[in-house]
Every structure is written in structure tokens, then in C-alpha cells.
There are 2 protein chains.
Amino acid sequence: MSELPIPRRGRSSGRVTLDDVARVSGVSPITVSRTLRGARNVAPELSARVHEAVARLGYVPDVAARALASSRSSHVAVLVPSLTNALFVELLEAVQGTLMPMGFQTLIGVTHYQAAQEEALLRSYLSQRPAGLIVTGFDRSDAARRMIEDSGVPCVHVMETTPIPGIYSVGLSQHQAARAITRHLLQRGRQRIAYVAGQLDPRVMQRLQGYRQALADAGRYDPALEVLDPSPTSIALGARQFEALLARQPDVDAIFFCNDDLAQGGLLAALRHKIEVPQRVAIAGFNDLDGSDQMLPTLTTVRTPRAEIGTRATLMLAALMRGDEVTENTVDLGFELVVREST
Amino acid sequence: MSELPIPRRGRSSGRVTLDDVARVSGVSPITVSRTLRGARNVAPELSARVHEAVARLGYVPDVAARALASSRSSHVAVLVPSLTNALFVELLEAVQGTLMPMGFQTLIGVTHYQAAQEEALLRSYLSQRPAGLIVTGFDRSDAARRMIEDSGVPCVHVMETTPIPGIYSVGLSQHQAARAITRHLLQRGRQRIAYVAGQLDPRVMQRLQGYRQALADAGRYDPALEVLDPSPTSIALGARQFEALLARQPDVDAIFFCNDDLAQGGLLAALRHKIEVPQRVAIAGFNDLDGSDQMLPTLTTVRTPRAEIGTRATLMLAALMRGDEVTENTVDLGFELVVREST
DNA sequence: CTGAAAGCGCTTACAG
DNA sequence: CTGAAAGCGCTTACAG
């Protein structure tokens with residue numbers, strides 16, 4: 001009952017080890033290891049003794065030792081392009097919120113939309129043999145793609161989806177969502193609908209395609225109404241883009257901004273110039289970010305289920321990490337058109 | 001010249017190891033280890049041979065093995081209360097941006113302003129023996145404080161400062177910043193200045209004190225003008241708070257919101273209700289977040305140097321991790337009053 | 001279902 | 001300035 005571990009000397013860290021647990025519970029270290037990893041082939045009685053000893057000693061496994069012995073760490077690396085877009089912050093929170101209770105640590109990497117940075121992060125994180133990997137979208141360098149594949153680390157892609165077998169993804173159709181909101185503007189009777197974008201990442205370009213298709217279907221496509229600016233999106237950029245577009249194309253009667261921050265900027269610029277929204281020009285955004293429901297007028301937008309994407313992607317990854325069969329390799333979580341006053 | 005490592009069998013991961021580098025460069029493994037850790041007591045010639053072999057073999061140290069042997073990982077844990085407030089996102093970006101080139105990995109923990117969550121994160125992260133720790137502010141449970149101290153892990157506190165010896169901090173005086181902006185409102189001739197807050201974290205309460213002192217000094221303090229709401233801050237909350245305050249205290253002539261998102265919401269609510277800003281009521285915010293310079297009218301606020309705080313804190317932590325003497329244990333990076341149209 | 005042995009890839013502590 | 005030995009705390013692979 002009281003064979004508490006004897007403090008050792010030398011290089012010992014003084015930490016309670018798996019061997020201590022084995023000694024106290026009267027089983028071999030391997031049995032302790034198996035029990036802790038949830039192996040099914042341990043006698044219930046021994047398992048109970050082990051759990052009791054763990055609790056009594058306050059044993060916490062050493063993740064470094066575990067990683068070294070098993071060549072697999074308890075880290076899950078998550079690569080997102082940006083934290084400036086609240087979208088990814090919410091995605092990340094959902095991922096971390098479901099990963100932590102499962103005993104995994106999240107390693108967050110921000111690529112800043114740059115292939116070279118993504119490669120560098122991948123190189124660094126994969127050298128630590130993470131248990132799993134979550135990456136954003138499918139657009140990356142061949143080198144990056146190869147690193148992921150060669151690593152053998154289970155990987156789930158988020159935000160976009162693909163039916164390609166062997167590739168796991170949870171997201172939504174950016175194309176369809178953009179098409180839906182563009183159609184909404186058409187249904188409102190708008191004739192000259194502009195698409196105003198920043199950042200120009202792959203998803204922004206997919207939205208462009210959805211916009212184009214909706215307009216082409218209606219016979220209203222006009223390339224002069226596309227504003228494609230590679231600068232990072234922000235409220236200020238949206239305001240500038242609004243002013244520039246109306247100066248150049250005074251007869252535009254609707255604007256679909258690729259992200260809500262731009263749209264909010266557009267709305268503020270309209271207020272400043274006393275341009276009536278939606279009377280003279282309707283404005284729509286994308287993502288439904290904080291504040292969009294408070295604007296004047298309130299902003300019509302598309303709500304994307306990023307928190308749910310994060311959760312579902314993590315659950316899918318967990319299954320892959322356990323080695324479970326994952327039959328449904330693609331999950332499309334859809335979107336919701338949120339019609340407010342601005343259209 | 002060509003003693004390339006022979007592929008081994010058994011449990012080997014096939015990975016290039018430190019022993020491979022030692023063999024190729026013709027020195028002992030310890031010399032390789034010392035060279036890679038930047039020890040000064042290695043002959044330049046041997047060091048050169050080692051570096052050459054590292055490059056040739058593409059050797060990447062195994063962080064798990066290093067952590068196990070040295071009882072210190074290459075991770076730096078960073079604890080922030082929230083990622084919803086863009087303030088902390090920018091802080092984090094700065095930390096990660098200076099930490100990565102130094103070969104450290106950032107472990108981001110979000111406490112959601114909850115002591116219990118901070119304790120849980122600390123327990124989890126400290127069990128991995130991180131190389132360093134960055135935490136937000138000084139307000140935490142005794143248990144958390146003790147865990148940090150007992151761990152012996154170098155720790156830097158951000159956002160606030162304290163002169164207590166042995167405690168390292170980089171931040172600004174929330175009290176002084178709040179006092180400065182309140183004084184600015186007084187100088188504009190405002191008589192009934194409200195403080196409207198959400199979240200009520202320690203820094204928000206320090207700002208309250210700065211506000212109180214400025215008003216008390218001017219003989220204008222009135223507790224009826226304080227709105228202290230524990231809900232998380234958001235644009236929507238600011239709008240509601242604005243409406244409620246003006247209904248209850250119609251003679252208020254200035255509002256200092258504890259964060260820019262609230263202030264932006266207040267500004268939008270004023271627009272909606274056609275309440276003239278700053279004529280009828282002046283509005284000021286805090287932190288200078290995205291969009292504040294685009295509001296109608298543009299928002300007067302306090303710019304806090306969070307990116308610089310992140311960088312300086314990381315450099316201080318790096319010095320502590322190296323074991324260097326750090327004489328200046330407190331760095332106050334100040335703030336900047338940004339006067340725009342709303343006051 | 002259980003265990004003794006070996007090993008993962010580094011660094012520490014001790015010599016020289 | 002350099003190195004041989006031991007060890008960090010786990011898990012793998014092999015037996016039984």
C-alpha cells in the first residue's frame with residue numbers, strides 16, 4: 001500500500017515514471033503502457049490496479065519519451081493561411097476544442113498565403129512526426145504535397161472538398177455559395193453586378209467562378225465589373241475599392257465582395273458618400289463575420305460553417321489517427337444565404 | 001568521402017541520425033551534438049566538418065530525442081485569453097514570427113479568460129517541459145502561479161508590467177492609457193463621461209481605474225456612468241450598450257468604450273438612431289483595431305503596441321532561455337492617443 | 001493476456 | 001578541446 005517511488009539520483013528528473021506506476025501496481029511496465037494506451041488485451045483487474053496507481057501517483061506520461069519510442073508525437077499540426085481573417089480563428093478554436101480533450105496538442109502554423117512558408121512549416125512540423133495534420137484547401141506546391149504524402153501522416157483538408165479517393169476533406173463548395181448569392185442579387189433585379197475581391201487566394205477565385213457562372217447563365221457577364229486586387233482584405237481596402245469602382249463604373253447597381261470585411265468597408269464608404277444602399281447599389285459579402293449584422297444597412301452575406309468544419313475535420317482526423325476505416329472521405333457542410341437589408 | 005549511412009533494419013526509422021553525421025564527419029557523436037547546439041568549445045575545423053556533413057546528409061535533429069535527453073523541449077508555450085480579440089492575434093503573430101527563426105515551436109493555448117482553463121493548459125504544457133513560457137497579465141490562480149514557479153521554466157508576462165524583481169514583463173500601463181484618453185475627453189469640454197466595458201478582465205478593470213482617477217481629479221466622477229458587463233465584447237454588444245446607456249442616462253455627453261469593437265458598435269448604433277457624434281455624444285475606444293479609422297465618424301482610440309510587445313517579450317524570453325542575465329526585467333512600451341473625428 | 005529485452009536518438013556527467 | 005559510457009522514459013517486436 002505504501003511502496004511509493006523512492007527518489008532516485010543521477011540524471012533522473014524526479015518525475016513519476018511509468019516504471020513507478022508498474023512497481024506500485026505490481027505489473028510489468030508494458031502492461032502499464034498498454035493499459036494507458038487503451039489496449040483491449042489487458043485483464044480488467046490489472047487495468048484497474050494500474051489506473052488506481054496512476055491516480056495515486058499523479059502520473060503524467062512523458063510525451064517526449066512516447067514520441068521517441070513510437071516515432072509519433074501527440075501533436076497535431078494545423079496549417080491556416082491567416083489569423084487576420086476571423087474565419088480561421090473560429091476554425092482553429094473548434095479544432096483545438098475537440099483535439100485537447102482527446103489528449104492531443106495543437107501546433108498552429110500560419111502560412112500567410114505563401115507556398116514557401118507552407119513548405120517551411122511542413123518541413124519543420126513533419127520532422128516532429130505529428131500524429132496528424134490539418135491543412136487549408138488543396139492549393140500548394142508539389143513539394144509540399146509530396147512531403148505530406150511521403151510522411152504517411154494522416155491528413156485532412158479543410159474549407160474546400162474534393163471527391164478524389166484517398167484525400168480527406170471537410171468544407172463547402174465556394175463555387176456554389178458564390179453562385180447562390182449572385183443569383184440572389186439577380187433575383188433582386190440587379191443588372192450590373194460587380195465582384196470585388198482581395199487576397200485572391202484559391203477560394204476567392206473559386207467564388208469568382210461561381211459569380212461568373214451565375215452571371216453568364218443570366219446573360220449578364222461583364223469582365224469590366226470584376227475587381228481583383230491581390231492586397232490582403234481589410235475594411236479600409238473595401239472602402240477604397242468601393243470608391244474606385246463607383247468612380248469607374250457609375251452604373252454598377254450591386255457589388256458582391258469576396259469577404260465581409262471588404263463589404264463592411266464598402267458599406268461605410270457608401271455612408272460617407274451618401275450613396276444609398278441598397279437603393280442605388282446593393283452590397284453583399286461573404287462569411288458573415290462579426291459586425292455584419294450591425295452595419296447600416298445590415299449586410300447580406302453567406303454564412304460558412306467554419307466551426308462545424310473544424311469539429312468534423314478533427315473527428316475525421318481522429319478516426320484516421322486511430323487507424324479506423326473512414327469511408328466518407330469528403331464532407332460538404334454547405335452554407336447559408338443570410339439576406340439582410342443591404343440587398 | 002562516401003561513407004553514407006547504411007540503411008539499418010529493426011526499429012530504425014530510416015531517418016538520418018546524429019550518429020550518421022558523426023560517422024560521416026569522422027568525429028564522435030558528442031562533438032556533433034555540441035557543434036549543433038552552438039557550443040563554443042569545439043575546434044573550428046571539426047565544427048566545419050560537422051556542418052558540412054549535416055548539409056550533405058540533410059540531417060534534422062529529432063526534437064523528441066533531444067527533449068527526452070535534455071528534459072527540455074523546443075516548444076515555447078504562449079497563453080492568451082482569447083483569439084476573438086484581434087489584439088492577441090497580432091501579439092501571437094509577432095511572437096511566432098520571432099520564435100520560429102530561432103528554432104522554437106509555438107504552442108498556443110487559449111484560456112477563454114478562465115482560471116481553470118489556464119491551469120489545465122499549464123498542467124498539460126508544463127508536463128512537456130517547454131523551453132519557455134509567455135503568459136498574459138498577472139491575474140491567475142495561486143495554483144497556476146505555483147505551477148509556473150515550480151516548473152523553473154523561464155516565463156515572460158505580456159500586456160501589463162510590474163516592477164517586482166524576478167518577474168519578467170513587457171507591456172504598457174493600462175491605467176495610464178485609460179487616464180490619458182479620459183483626460184482628452186475632459187479637455188474637449190465633456191462633462192458626463194461614461195465608461196462602458198465588457199469582458200471585465202483585469203486590464204479592462206485597470207482601465208476603469210484610470211478612467212476613475214481622471215474623472216476624480218476633475219471632480220466629475222459619477223458611478224452611475226459606469227457600465228460593467230461581463231459578456232464578451234463584440235460590435236453587437238457595443239450597440240446594445242450604447243442604446244441602453246442613452247436610454248438610462250440621456251445627458252451623457254461622452255463614452256469611453258473599453259475596446260474598439262464595442263466602440264464601433266456604439267458608433268453604428270448612433271448612426272442608426274441619428275444621434276450625432278461627436279456633437280451630442282463623443283465616443284472613444286481602445287486598442288485601435290481594424291476598421292476604427294473607417295467608421296463614420298472615424299474613431300478616436302488608444303493604439304497599443306501589441307506587435308512590439310510580442311517581439312520584445314520573445315527576445316527577453318530568448319535571453320532567459322539562453323541563461324543570459326536579464327537586468328531590465330520590465331519593459332513599458334507605452335501607448336499612443338489617436339485622436340480622430342469621434343471626439 | 002502478460003512480460004524480458006532491446007532500442008528510439010539524443011544529452012548529461014564524468015574523464016582525460 | 002574531445003570522447004566512451006550511461007541514461008532520459010517510453011514502446012516495439014518477439015516470446016510464451
Side-chain angles (χ1 to χ4, degrees), chain A residues 5 7-50 54 57-74 103 127-129 131 323, chain B residues 5 7-50 54 57-74 103 127-129 131 323:
Chain A
R8 285 158 301 164
R9 36 177 66 255
R11 286 183 61 184
S12 167
S13 55
R15 154 175 207 140
V16 177
T17 69
L18 184 142
D19 278 36
D20 296 327
V21 175
R23 214 172 309 132
V24 169
S25 51
V27 302
S28 71
I30 319 90
T31 299
V32 176
S33 174
R34 277 199 271 256
T35 304
L36 294 177
R37 277 175 295 137
R40 57 256 135 239
N41 51 353
V42 175
E45 195 197 301
L46 295 192
S47 169
R49 288 224 302 264
V50 168
V54 165
L57 299 176
Y59 170 68
V60 179
D62 185 306
V63 294
R66 180 173 275 181
L68 179 58
S70 69
S71 3
R72 184 122 303 181
S73 78
S74 61
S127 80
Q128 298 178 54
R129 303 198 203 82
Chain B
R8 284 157 302 162
R9 37 176 67 254
R11 288 183 58 187
S12 167
S13 57
R15 157 175 205 138
V16 178
T17 69
L18 185 142
D19 278 36
D20 296 327
V21 175
R23 214 172 309 131
V24 168
S25 51
V27 301
S28 71
I30 320 90
T31 299
V32 175
S33 174
R34 277 200 270 257
T35 303
L36 294 177
R37 279 175 292 138
R40 56 257 134 241
N41 51 351
V42 175
E45 195 197 301
L46 295 191
S47 168
R49 288 222 303 265
V50 168
V54 165
L57 300 176
Y59 169 69
V60 179
D62 184 307
V63 294
R66 180 174 275 181
L68 179 57
S70 68
S71 18
R72 183 122 304 179
S73 78
S74 61
S127 81
Q128 298 179 55
R129 304 199 202 81

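Every chain is numbered from 1 and lettered A, B, ... according to where its sequence line falls, protein lines coming before strand lines.
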Pairs counted only when both distances fall under 3.5 Å, Watson-Crick or G-U: show me the 5' to 3' dot-bracket for DNA chain C, [ ] for pseudoknotted crossings and | for other-strand partners. |||.||||||||.|||
Of the listed nucleotides ([options]), which one gets closest to any side-chain atom of [X]?
X	options	answer
B:Ser28	D:dA4, C:dG3, D:dT11	D:dA4
B:Ala43	D:dC1, D:dT11, C:dG9	D:dC1
B:Val42	C:dC1, D:dT2, C:dC10	D:dT2
B:Ala69	C:dG7, C:dC10, C:dT2	C:dC10
B:Tyr59	C:dC10, D:dG9, C:dT2	C:dC10

Going by heavy atoms in the side chains, are B:Asp62 and B:Thr17 under 4.5 Å from each other? no
Answer yes or no: is there a side-chain heavy-atom contact under 4.5 Å between B:Leu57 and B:Val21? yes
In whole angstrom, give the distance that lies between atom [atom1] of [X] and atom [atom2] of [N].
X	N	atom1	atom2	answer
A:Asp19	C:dA5	CG	C1'	13 Å
B:Ile30	D:dG7	CD1	P	16 Å
B:Asp62	C:dT11	CG	P	10 Å
A:Arg34	C:dG3	CZ	P	8 Å
A:Leu68	C:dA6	CG	P	18 Å
B:Asp20	C:dG9	CG	C1'	10 Å
B:Arg23	D:dG3	CZ	P	15 Å
A:Arg129	C:dC10	CZ	P	9 Å

Contact under 4.0 Å: A:Arg37 side-chain N or O vs D:dT12 OP1/OP2: yes
Are OP1 or OP2 of C:dG3 and a side-chain N or O of A:Thr31 less than 4.0 angstrom apart? yes
Might you point out which heavy atoms bring A:Ser73 and A:Ala67 nearest each other, and give the distance in Å? CA-CB, 3.9 Å
Residues in side-chain hydrogen bond (donor to acceptor under 3.5 Å, both in side chains) contact with A:Ser33, at least two apart in sequence or another chain: A:Arg37
How far does [atom1] of [X] sit from [atom2] of [Y], to the nearest 0.5 angstrom?
X	Y	atom1	atom2	result
A:Thr31	A:Arg49	OG1	CZ	9.5 Å
A:Arg129	A:Leu68	CZ	CG	8.0 Å
B:Asp20	B:Arg15	CG	CZ	11.0 Å

Upstream residue (5' side of DNA chain D) when A:Leu18 and B:Leu46 are each assigned their closest nucleotide: B:Leu46
